[in-house]
Protein chains: 4
Amino acid sequence: MPAEKRRAGRPPATLGKRDVILDAALRCFVERGFHGTSMPDIAERAGIAAGTIYHYFPSKEALVNTLFRTWKAEIAQRVFAAFPQHAPPREQFAIMWRTMADFALKHRDAFAFLELHHHTTYLDGESIAVDRNLKDFAHGIVRRAQADGLLKPVDPNLLMELVFGAFNGMMAAVYDARITLTPAAIAASDEACWDMVSV
Amino acid sequence: MPAEKRRAGRPPATLGKRDVILDAALRCFVERGFHGTSMPDIAERAGIAAGTIYHYFPSKEALVNTLFRTWKAEIAQRVFAAFPQHAPPREQFAIMWRTMADFALKHRDAFAFLELHHHTTYLDGESIAVDRNLKDFAHGIVRRAQADGLLKPVDPNLLMELVFGAFNGMMAAVYDARITLTPAAIAASDEACWDMVSV
Amino acid sequence: MPAEKRRAGRPPATLGKRDVILDAALRCFVERGFHGTSMPDIAERAGIAAGTIYHYFPSKEALVNTLFRTWKAEIAQRVFAAFPQHAPPREQFAIMWRTMADFALKHRDAFAFLELHHHTTYLDGESIAVDRNLKDFAHGIVRRAQADGLLKPVDPNLLMELVFGAFNGMMAAVYDARITLTPAAIAASDEACWDMVSV
Amino acid sequence: MPAEKRRAGRPPATLGKRDVILDAALRCFVERGFHGTSMPDIAERAGIAAGTIYHYFPSKEALVNTLFRTWKAEIAQRVFAAFPQHAPPREQFAIMWRTMADFALKHRDAFAFLELHHHTTYLDGESIAVDRNLKDFAHGIVRRAQADGLLKPVDPNLLMELVFGAFNGMMAAVYDARITLTPAAIAASDEACWDMVSV
DNA sequence: AATGAATGAGGCTTCATTCAT
DNA sequence: GATGAATGAAGCCTCATTCAT
């Protein structure tokens, strides 16, 4: 859940019920996917009755979409907030990489849900629009760095997809315990990905 | 479907019914996922009755697992077959990259199914074992190239996950029409990923 | 709602909440029937919370039964009050016909609810008893008029059912806008129905 | 069920399953209304599993609409078939009255379902169109008889609604056992209703 | 008195699977 | 082998009703 929704220092038991539902749903969706998760599954994990979910969300689809949008906005905001507008591109890249890694380690379920699942069947138009935010932002940065001759002169979209793909692949391996994301590993992956895109 | 599954003597124009089912299932699973696909969905796409599927596969789970193993084996075999055992690492990498891209372009559904979906809920032990094949193979290559001082001296798994992640991200973008995989783009992505892992 | 149900001392401009509920329920039941109407439906139409209904009625069934009895009593009382005990039968009939038409035009929902719906599933014994009132009254009149040789000498129940059926059919058509009930039409239908039962 | 759907002399046990469902649904709807009847209710009465209904009807609504249209068409056809095109109006009326009474006695549930319930919430456009048939037919007859000076010179719709209303009221009383429809009663009601509309 | 969150049973419908033909 | 009718469990969602505030 985005931090501002919880009061700092509160035990999770006193989360608003809406957030409890979102949390439970997130964990279920990550484990079994949208279609593999039933509303009773979510209710059980949230410790409430199945009918209660419908006081907060009109449907299962509305629930996933809320989840998707909330967390997409959250991660985008973190990257935007941390981004050093006037630093050199190499540093910008490093900050972005670390910010994303921080997020993906702190909110494993959220990141796995957002990036490691196919959502096409049930996401609505607005959710898809929200998804563009981060990529449009990255796209602009790539173009400018290319203009400065720092990045490889190829389709900026290709560079972006390679970088985000590498990041996602790395995180998937972390979640499956095939690798461990030590600070050294973060530094190494940052370095490797910069080498991938820079000239 | 890999050709060797057809019974000899059958006219090749008519795929065996078993393969028709596997094809139909593959397309359904890619579009809507395992849990989002019903047996009647598959039957309809295959142009047969729902009950007929059970003459070839004992259950829906057996069907996905067969699909997964068949295609995993297929892609692994292609990479193994194309791999130039005695060429220099840079060329080995390039060949592997192109072989995978060829496959992923030719068998979009199969690749999307294998790499872009979460299978954890329904894959059985044997399928998971098959999945290791390609990665173990790559792991060995990475270790040897590192010993030669050609690759970055970091966790070989990390390098592998970054490379495969980048590849998957690229292909996902291709399937979503965010980029086009021209020969030039293949060459550029090959180059970029080699830069990512090499010293 | 019949006026006598309001508590004295309440400003007449604001219907008592009990009556607001009865009104809202009446309209819902007419539109969608008892089983097709939910308590939240009623609450929404009444502009109150769903729980509030239970301060005035112990259950949905109690609510319909109250509605039924209240309005059945109301219409019966109007007919009784208007009935000219010592006028000739033809005039008695005309008065009754007009009184019923007045009521059915003024309280469309109430009349439609009472006569145009099947209540058998949820009406309790007392409500069914109330229903007999008007029919018993009419039955007595028919018998006396038959004894005077004014009405056809057939089963008095048959005559009654024909007359009330014709009236209900006419009103159903009015509510569906298939006919308009002008004073002339009321006179014509009165005349026709008298011709139906008289010798 | 319309007669032509059953083979003569066959025990009802061999009715097609589709007809078994329609029969069961008819009885349920008559007793408890559309919204008061659940699909499991219908299935139980039909002696089948709930899911089986969906092999024959795509939804509960489709089921009622089929029921409505089938029976409306059936009764209309009977009246049309029996109607003596060239007989004098008085005889035409008598035939129609008897034909309807025959039908309503033989197919109590069907008649009660068609005429004694409010269907507005769930009937689709086509069903409503089918409903017009009989009434349009009657309307034409009324107009012609009025032109001949045989019927009261008032709104033909009013006359029709009175007659059909009287008929429905009579049948409702029959079904509730408040009256018995002997041949004498049929004759008497025919006579009474003719007196209602004729000059 | 009034609210509306909460419940859990039940309604409509879908689905994996079986089996008689 | 092939079919598709049949099943009944399970899924999404609604609803009458209760109860803490």
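Bear in mind the structure is a predicted one, so any value in this text is a computation, not a measurement. A note on names: the letters A, B, ... follow the listed sequences, proteins ahead of strands, and every chain is numbered from 1.
For the pair D/Arg18 CZ and F/dA6 C1', the computed distance is 17 Å after rounding to whole Å. E/dT7 atom P lies 9 Å from atom CD1 of A/Ile21, rounded to whole Å. A/Leu63 places its CG atom 10 Å from the P atom of F/dC13, with the value rounded to the nearest Å.
Two rings, from A/Phe113 and A/His119, have their centers less than 6.0 Å apart.
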For residues 49-58 of chain A, tabulate all N or O donor-acceptor pairs below 3.5 Å that involve a side-chain atom, not counting sequence neighbours.
from: A/Thr52; atom 1: OG1; to: A/Ala49; atom 2: O; distance (Å): 3.4

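At the phosphate of F/dA5, neither OP1 nor OP2 sits under 4.0 Å from any side-chain N or O atom of D/Thr52. Look at A/Lys17 and you'll find a side-chain N or O under 4.0 angstrom from OP1 or OP2 of E/dA6.
Within residues 120-128 of chain D, no residue has any heavy atom closer than 4.0 Å to DNA chain F.
Partners of A/Ser127 under the side-chain hydrogen bond (donor to acceptor under 3.5 Å, both in side chains) rule, at least two apart in sequence or in another chain, are A/Asn65, A/Arg69, A/Asp124. In terms of the salt bridge (charged side-chain N to carboxylate O under 4.0 Å, His left out) criterion, residue partners of C/Lys72 (sequence neighbours excluded) are, by chain and number, C/Glu115, C/Asp131.
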Legend entry - Strand DNA chain E as a dot-bracket string - pairs counted if Watson-Crick or G-U with both distances under 3.5 Å, | where the partner lies in another strand: .||||||||||||||||||||
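In this structure, the side chain of B/Lys17 does not engage the main chain of B/Ile48 through any donor-acceptor pair within 3.5 Å.
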Legend entry - Per-nucleotide protein contact string for nucleotides 14-21 of chain F (B base, S sugar-phosphate only, - none; heavy atom under 4.0 Å): BSSBB---
